[in-house]
Q: 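Take a look at this one; I'll ask things after.
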Amino acid sequence: MIEINNVHKSFGDLEVIKGVSLTVNKGEVVSIIGGSGSGKSTLLMCINGLESIQQGSIRVDGQEVHSSSTDLNKLRQKIGIVFQQWNAFPHLTVLENVMLAPRKVLGLSKQEAEAIAVTQLQHVGLGDKLKVFPGKLSGGQQQRMAIARALAMNPDYMLFDEATSALDPQLVGEVLDTMRKLAEDGMTMVLVTHEIRFARDVSDRVAFFRNGLVHEIGAPEQVIGNPQKAETADFLKSVL
Ligand SMILES: Nc1ncnc2c1ncn2[C@@H]1O[C@H](COP(=O)(O)OP(=O)(O)O)[C@@H](O)[C@H]1O
Ligand SMILES: [Mg+2]
């Protein structure tokens, strides 16, 4: 469970998160939508401790992310994250790229890491690309590799930050399908996305961010289907 409680985050004088509270329960899929600069990416970075916070708290499985006594490396192992783009190591094969973290971070043997990597690559539909170099993959395949790479660490949570935004339109579907499958398998997910229909489909709850605050949150049928706030409706009109 992820518990975000009254979080404030500034970059210098610029406060970009202004008191966000949000709880993501085990097995839940929460989508974050909102305009550019509203603080969506920053919040994800705060959740896995890549960014500090000035006020409030974030707990993952009861553990305070921003406490000096927390072993961040350990905590991050249970939180997979997929960005718009992941630059794989070009001189390593797809399989080797996915094996890397289980080998280096978890200290698994080559055989163990390989077995896990193969399983996860098959899971995202890349079972026939094991020996290929990343440069030979399409954008959609690269994103699926990035998902496999995160899953290879056996995370309890997955964060997605506009995982399909850099893709050509015809490649978006295959990545969303992979994410949908993951959601159906019960993964706890927080996804920042501009794919409103997808968010409506897979999410248990949708949060609309505005000016560093959760402006509206609720079931997708409400926030997307029947927004209660004018700003939510305006945003949806601009992206749908
Ligand atoms: N590392 C940083 N240093 C300074 N300002 C930042 C940094 N990262 C993000 N910001 C600013 O914080 C605000 C929120 O950014 P971001 O979280 O990326 O928004 P979103 O993902 O919703 O588009 C923006 O004004 C952005 O310019
Ligand atoms: Mg962003």
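Just so you know, these numbers use all the heavy atoms, side chains as well, and skip hydrogens, waters and symmetry mates. Start at 1 and go down the list; that is how both ligands and their atoms are numbered.
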Q: Between Gln122 and Thr119, is any side-chain donor less than 3.5 angstrom from a side-chain acceptor?
A: no
Q: Taking C-beta and beyond as the side chain, do Leu137 and Lys129 meet within less than 4.5 Å on heavy atoms?
A: yes
Q: So, at under 2.8 Å, which protein N, O or S atoms would a careful student list around the Mg ion (ligand 2)?
A: Ser41 OG
Q: Closer than 4.0 angstrom, basic N to acidic O: yes or no for Asp201 and Arg180?
A: yes
Q: For residues 10-25, please give each side-chain donor-acceptor pair under 3.5 Å, one per line with the distance, not counting sequence neighbours.
A:
{"unit_1": "Glu15", "atom_1": "OE2", "unit_2": "His8", "atom_2": "ND1", "d": "2.7"}
{"unit_1": "Ser21", "atom_1": "OG", "unit_2": "Asn6", "atom_2": "N", "d": "2.8"}

Q: Check each atom of ligand 1 against the heavy atoms of Gly35 and keep those under 4.0 Å away; list them by number with element.
A: 22 (O)
Q: Is a donor on one side and an acceptor on the other found under 3.5 Å between the side chain of Ser109 and the backbone of Glu112?
A: yes
Q: Any idea which heavy atoms bring Leu126 and Met145 closest together, and the distance?
A: CD1-N, 3.5 Å
Q: Nearest heavy atom to atom 17 (O) of ligand 1 wins, so pick from Thr42, Ile33, Ile32.
A: Thr42
Q: Would you check the N or O atoms of Ser38, main chain and side chain alike, for any that come under 3.5 Å of an N or O of ligand 1?
A: yes
Q: Please determine if Gly39 has a nitrogen or oxygen closer than 3.5 Å to a nitrogen or oxygen of ligand 1.
A: yes
Q: Distance-only criterion, 3.5 Å: show the donor-acceptor pairs between side-chain atoms of residues 164-171 and protein atoms not counting sequence neighbours.
A:
{"unit_1": "Ser165", "atom_1": "OG", "unit_2": "Glu162", "atom_2": "OE1", "d": "2.9"}

Q: For atom 18 (O) of ligand 1, what's the nearest protein heavy atom and its distance?
A: Ser41 CB, 3.7 Å
Q: Which protein non-hydrogen atom lies closest to atom 13 (C) of ligand 1, naming both residue and atom, and how far is it?
A: Val16 CG1, 3.4 Å
Q: Among all protein heavy atoms in this structure, tell me which lies nearest to atom 22 (O) of ligand 1, with the distance rounded to 0.1 Å.
A: Lys40 NZ, 2.8 Å
Q: Provide, to 0.1 Å, the distance between atom 6 (C) of ligand 1 and the closest protein heavy atom, together with that atom's residue and name.
A: Phe11 CD1, 3.2 Å
Q: Distance-only check: which donor-acceptor pairs under 3.5 Å involve side-chain atoms of residues 212-223, not counting sequence neighbours?
A:
{"unit_1": "His215", "atom_1": "NE2", "unit_2": "Glu231", "atom_2": "OE1", "d": "2.9"}
{"unit_1": "Glu216", "atom_1": "OE1", "unit_2": "Gln228", "atom_2": "N", "d": "3.3"}
{"unit_1": "Glu216", "atom_1": "OE1", "unit_2": "Lys229", "atom_2": "N", "d": "3.0"}
{"unit_1": "Glu216", "atom_1": "OE1", "unit_2": "Thr232", "atom_2": "OG1", "d": "2.7"}
{"unit_1": "Glu216", "atom_1": "OE2", "unit_2": "Gln222", "atom_2": "NE2", "d": "2.8"}
{"unit_1": "Glu216", "atom_1": "OE2", "unit_2": "Gln228", "atom_2": "N", "d": "2.8"}

Q: Do Asp61 and Tyr157 meet the criterion of a side-chain donor-acceptor pair at a distance under 3.5 Å?
A: yes
Q: Do me a favour and list the nearest non-hydrogen protein atom to atom 14 (C) of ligand 1 with residue, atom name and distance?
A: Gly37 O, 3.5 Å
Q: Measure the distance from atom 27 (O) of ligand 1 to every protein heavy atom, then report the residue, atom name and distance (to 0.1 Å) of the closest one.
A: Leu14 CD2, 5.0 Å
Q: Are side-chain heavy atoms of Asp156 and Ile79 found at a separation under 4.5 Å?
A: no
Q: Check Phe89 against Pro134 and note the closest heavy-atom contact, atom names and distance.
A: O-CG, 3.6 Å
